[in-house]
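Here's the structure we're looking at; comments come further down.
Residue numbering restarts at 1 for every chain, and letters A, B, ... go by the order of the sequence lines.
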Protein chains: 2
Amino acid sequence: MRLSTKGRYGMRAMLALARRYGEGPVPLKEIAEGEGLSEAYLEQLISELRKAGLVRSVRGAQGGYFLGREPATITAGDIIRVLEGPIGPVQCVVEIPGGEVCDCAEYCVERILWERLRDSIVQVLDGITLADLLIEERKLAPANSGLERGCQQN
Amino acid sequence: MRLSTKGRYGMRAMLALARRYGEGPVPLKEIAEGEGLSEAYLEQLISELRKAGLVRSVRGAQGGYFLGREPATITAGDIIRVLEGPIGPVQCVVEIPGGEVCDCAEYCVERILWERLRDSIVQVLDGITLADLLIEERKLAPANSGLERGCQQN
DNA sequence: AACAATGTCGAGTGGATTACTCGGGTTTGA
DNA sequence: TCAAACCCGAGTAATCCACTCGACATTGTT
């Protein structure tokens, strides 16, 4: 039940972009260096986020990436779904836009458990936006606001 | 963010044992056949559950496995922890019996998100016992109580 | 026009993990 | 004594993860 690096790195990259929302495009190199991530790998992730519309890009010199929407309208769930796929502890109860997967839904008790778990995960993830996290961040360590690099372990 | 087969199969096996709680040892073969699982693989899983005290065994002919405690005192969280390891979406906020792992806890916002997610998962998993699920099961399909095999997809 | 700084894309790869299987024990009731 | 069970450790094919690499396209600057 762990997130892969895609979800973790993606969240960090999005937070990095959120911190600089409104300042124009941020080059990949800066994000990668700031977060201590491989540029080539991060590119893959941010490419998926771009295709999903969560970030936008400007090509060429002085180009870079920026958030596709306001930080207050992007939830953790949006990011995780793009990078880790539909949310759900088992394939059977994964969020699918309309349509059940499991054909034993009638009599399967485990399903009840997994659905409750999924709902609770979704509720947390969809209940927190990038803007919320930025506010928390300011509360956390006002002194650290000039911090160069993010947490190297998440 | 998916459970592995260990957690899924383990939950099914424990539910199978819970259904027959008080009836003496159930041979592995019966559980495996009833749930449509490989006997050899299930043995590995149940062995871990046994070492953790969640199930007990009787060796020799007429032997088998049975729950180590009453179904009402075994939670889904107990089972998942044994088979999937400590609960937590990222290594950094995994449940460890006393002791932090992450050394940037002071200024890491992601951590707040992951902790909230972990707590919500733990709350669901620790809030449901095998006895609860048996009750739900009876509500679900009283007609199906003579069902031979469980859901083949979970 | 040339160049350098950027983003875009697809393929490849080593290592870890998963989901098993297999074979050889030991224990115990009939 | 035998067969039905549990016990244990090793092995393995397939998959997935976490990247790397190389070639190309776009654009501001000089």
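- Remark: Tyr41(B) is not in phosphate contact with dT12(D), judged by side-chain N or O atoms under 4.0 Å from OP1 or OP2.
- We find that CE of Met1(B) is positioned 18 Å from P of dC16(D), with the value rounded to whole Å.
- Under 4.0 angstrom from either OP1 or OP2 of dC6(D) there lies no side-chain N or O belonging to Ser47(B).
- By the neighbour-count criterion of 12 heavy atoms within 6.0 Å, atom CD of Glu30(B) is densely surrounded, having more than that number from other residues, nucleotides or ligands.
- The base of dC9(C) lies close enough to the side chain of Glu43(A) for a donor and an acceptor atom to sit less than 3.5 Å apart.
- For Gln123(A), the CD atom sits in a loose shell: 12 or fewer heavy atoms of surrounding residues, nucleotides or ligands are nearer than 6.0 Å.
- Residue contacts shown for Gly60(A) include a base, since a base heavy atom lies under 4.0 Å away.
- Between Ser38(B) and the phosphate of dA19(C), there is no side-chain N or O to OP1/OP2 separation shorter than 4.0 Å.
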Check your understanding: Run the side-chain contact (heavy atoms from CB on, under 4.5 Å) check on Tyr9(A) and Leu83(A) step by step: do they pass?
Key -> CA-CA 10 Å; Tyr9(A) 295 178; Leu83(A) 295 171; over 6 Å; no
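- Residue Glu84(A) contributes atom CD, which lies 14 Å from atom P of dC16(D) at whole-angstrom precision.
- Taken to the nearest 0.5 Å, the CZ atom of Arg69(B) stands 5.0 Å off from the CD1 atom of Ile74(B).
- Atom CZ of Arg56(A) sits in a sparse spot, with 12 or fewer heavy atoms from other residues, nucleotides or ligands closer than 6.0 Å.
- To the nearest angstrom, C1' of dT6(C) lies 14 Å from CZ of Phe66(A).
- The interatomic distance linking Leu45(B) (CG) with dA19(C) (P) rounds to 10 Å, in whole Å.
- When rounded to the nearest whole Å, the span between CD of Gln44(A) and C1' of dG10(C) equals 10 Å.
- Residues Arg8(B) and Arg50(A) each lie close to DNA chain C; by heavy-atom proximity, the contact nearer the 5' end of the strand is made by Arg50(A).
- Proximity of Ser57(B) to the phosphate of dC6(D): no side-chain N or O atom is located under 4.0 Å from OP1 or OP2.
- Closest to the side chain of Pro27(A), out of dG7(C), dA5(D), dC22(C), is dG7(C).
- Distances from the side chain of Ala61(A) to the nucleotides dA18(D), dT28(C), dT27(D) place dT27(D) closest.
- The CG atom of Leu3(A) sits 12.5 Å away from atom SG of Cys92(B), with the distance rounded to the nearest 0.5 Å.
- Of the candidate nucleotides dC6(D), dT6(C), dC22(C), dC6(D) has the atom nearest to the side chain of Leu28(B).
- Note: CG (Leu83(B)) to C1' (dC20(C)) measures 15 Å, nearest angstrom.
- The base of dA25(D) is paired with the side chain of Arg59(A) by a donor and an acceptor separated by under 3.5 Å.
- Computed from coordinates, the Glu39(A) CD to dG7(C) P distance equals 8 Å when rounded to whole Å.
- In terms of polar N and O atoms assigned as donor or acceptor, the side chain of Gln62(A) never comes within less than 3.5 Å of the base of dT26(D) in a complementary pairing.
- An OP1 or OP2 oxygen of dC16(D) is reached within less than 4.0 angstrom by no side-chain nitrogen or oxygen of Ser4(A).
- Regarding Glu30(B), its CD atom lies at a distance of 10 Å from the P atom of dC6(D), rounded to whole Å.
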